[in-house]
S.K.: 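Below is the structure I would like to discuss, written out as structure tokens.
Atoms within each ligand, like the ligands themselves, are counted from 1 in listed order. Just the heavy atoms: all of them, side chains too, but no hydrogens, waters or symmetry mates, feed the values below. Note that the structure is predicted; figures quoted are calculated from it, not measured.
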Amino acid sequence: MNPLLDFTHDPAAQSWVESANQPDTDFPIQNLPLGRFRPAGSEEPLRVGVAIGDQVLDLKLALQLSPWADDLLPLLAPLATGDLAAYMALGPAAWKSVRGALWRALHEGSEQGPFLEMCLLSQDQAQMALPCTIGDYTDFFIGIHHARAVGALFRPDNPLLPNYQWVPIGYHGRASSVGLGGPLRRPDGQTRSDSGVPRFGPSRRLDYELELGLWVGVGNDLGAPLDMAQAEQTLFGVSLLNDWSARDIQAWEYQPLGPFLAKNFATSVSPWLVSFDALAPFRRPLTRPPGDPQPLPYLDSAFNRGHGAFDITLEVWLQTAAMRSQGQPAVRLSQSNMLDAYWTAAQLVVHHTSGGCNLRTGDLLGTGTLSGPTPGQGGSLLELSAGGRQPVVLPCGEQRSFLEDGDTVTLRACCQSPGTARIGLGHLTGTVVAAGPGG
Ligand code: CA
């Protein structure tokens, strides 16, 4: 039995919001992700809402118009003021209480229903924003199939470096350029040239990376590392993350200090934070290939071995400008699963703090590209096209080794397994636009 399940995970539960009961919705009553929004076209201050079906429950209005139990009011207060970070800082007991309260309020037959009906806004009328200010952004490398595939492009005889099975590899990224999807300006940069003098101009090998974003709820003090049990109390939720990457800039600049301008021009995240409570039915044992070393003790716990991994299916979809103009829908480029990751979310938190580094509310951890073991499961074009040598052929006949201007990339993720309600993370869409000033 999964010790983390409660009434909010009941797969039979239905909402009085009809669209939340559709079998293919990402946002049934078992999910209840939080995000920030304002009514589209308005200049109103940002509010916090809950995604339910194709609607957003406006928590500012919900606090004004519906009765709530007295003990919930202090927990709901930051949500009513639009401060999602302040709510994330309250910690897991508060998150669980509020999740239960929102579930009851949105459940079919709820006495709060008539009040809350007035607090719904259609999601297509909501302009989403980043969930909170991101203080720091760290990107990891936990997709071992990605690490092996990319390593093989550069080191065919030695694709996986010896530290990989021991250290959750990561680097400190750039928080200022993290945003939601939308136009993605092709970056200019310095790349290798046969002449010996590097070229400066638009990247010719622009790529996406299929990742999940892990959002820190409760931070730790500087000099106070977290253990595996504490790490389970640290992360608030997950979103999709696209780590746009300029491979040609990366190849020239990355030695000896790692990624820099090849990564920092843009990182995109999806706006709804799906809580770890919502993900509880999709926790799985962490498995390692036979013969691989077990993690060092500071990265190990019985709970992590039994429940540390997550069954989350991830997909990448592409629609080119030509497909769009011909009315052709996007095509799926790949599908993979978070279960193939080598390290768990909790291990990333523990490792990040193990030397004394402090995490803070609103910090963002990227998992790294989540690829599967087969060639068609690469979470980047670099993998799918074998470094550009074998272009991906699209159904319309076009080919892609890397992204062209006008290409629209959409990431999706969902969790589904027998005996549970399907939940999704929504989608994350970005369209490449030409390099140039103000593009
Ligand atoms: Ca990455």
Side-chain angles (χ1 to χ4, degrees), residues 134 136-154 159-161 163-164 167-181 184 186-187 189 203 205-216 238-255 257-270 312 314-316 333-334 336-338 340-345 347-349 351-352 363-372 377-385 387 402-403 409-413 425 428 430 432:
I134 300 166
D136 277 295
Y137 161 48
T138 301
D139 200 20
F140 284 93
F141 196 48
I142 69 173
I144 188 169
H145 302 293
H146 171 74
R148 196 173 271 132
V150 172
L153 294 173
F154 299 101
L160 206 61
L161 294 171
N163 58 5
Y164 193 87
V167 184
I169 304 290
Y171 72 98
H172 287 114
R174 183 77 192 166
S176 66
S177 52
V178 179
L180 302 182
L184 184 280
R186 180 180 297 275
S203 168
R205 290 164 72 95
L206 183 60
D207 201 356
Y208 59 82
E209 288 190 341
L210 170 63
E211 305 194 17
L212 291 176
L214 311 172
W215 296 75
V216 173
V238 305
S239 69
L240 290 157
L241 187 150
N242 185 344
D243 179 23
W244 302 98
S245 299
R247 303 298 182 193
D248 44 357
I249 299 172
Q250 186 176 358
W252 174 235
E253 75 172 7
Y254 87 105
Q255 290 174 315
L257 288 184
F260 185 35
L261 305 189
K263 300 278 193 176
N264 74 1
F265 57 95
T267 304
S268 301
V269 291
S270 55
I312 304 175
L314 302 125
E315 296 179 340
V316 182
L333 290 183
S334 72
S336 54
N337 195 299
M338 173 78 166
D340 285 315
Y342 200 74
W343 301 98
T344 66
Q347 287 172 321
L348 301 186
V349 168
H351 185 66
H352 203 308
D363 281 359
L364 173 64
L365 312 182
T367 56
T369 308
L370 295 169
S371 302
Q377 291 184 303
S380 66
L381 276 173
L382 182 71
E383 290 155 84
L384 294 177
S385 72
F402 295 96
L403 295 170
V409 178
T410 297
L411 311 186
R412 294 183 180 280
L425 274 66
L428 171 58
V432 179

S.K.: Before accepting this row, confirm whether a basic side-chain N of the pair Lys263/Asp139 lies closer than 4.0 Å to the acidic partner's carboxylate O.
M.R.: no

S.K.: Check step by step if side-chain contact (heavy atoms from CB on, under 4.5 Å) holds for Trp244 and Val409.
M.R.: CA-CA 10 Å; Trp244 302 98; Val409 178; 4.1 Å; yes

S.K.: Would you mind checking if Glu209 and Arg247 are paired as a salt bridge, meaning a charged N to carboxylate O distance below 4.0 Å?
M.R.: yes

S.K.: Relative to the Ca ion (ligand 1), which of the N, O or S atoms in Asp243 is the closest?
M.R.: OD2

S.K.: Nearest 10°: the angle subtended at the Ca ion (ligand 1) by Glu211 OE2 and Glu209 OE1?
M.R.: 90°

S.K.: Using the side chain to side chain contact (heavy atoms under 4.5 Å, CB included) rule, pick out the option among Leu428, Leu382, Thr410, Leu333 that qualifies with Tyr208.
M.R.: Leu333

S.K.: If you consider just the N/O/S atoms, which atom of Asp139 is the closest one to the Ca ion (ligand 1)?
M.R.: OD2

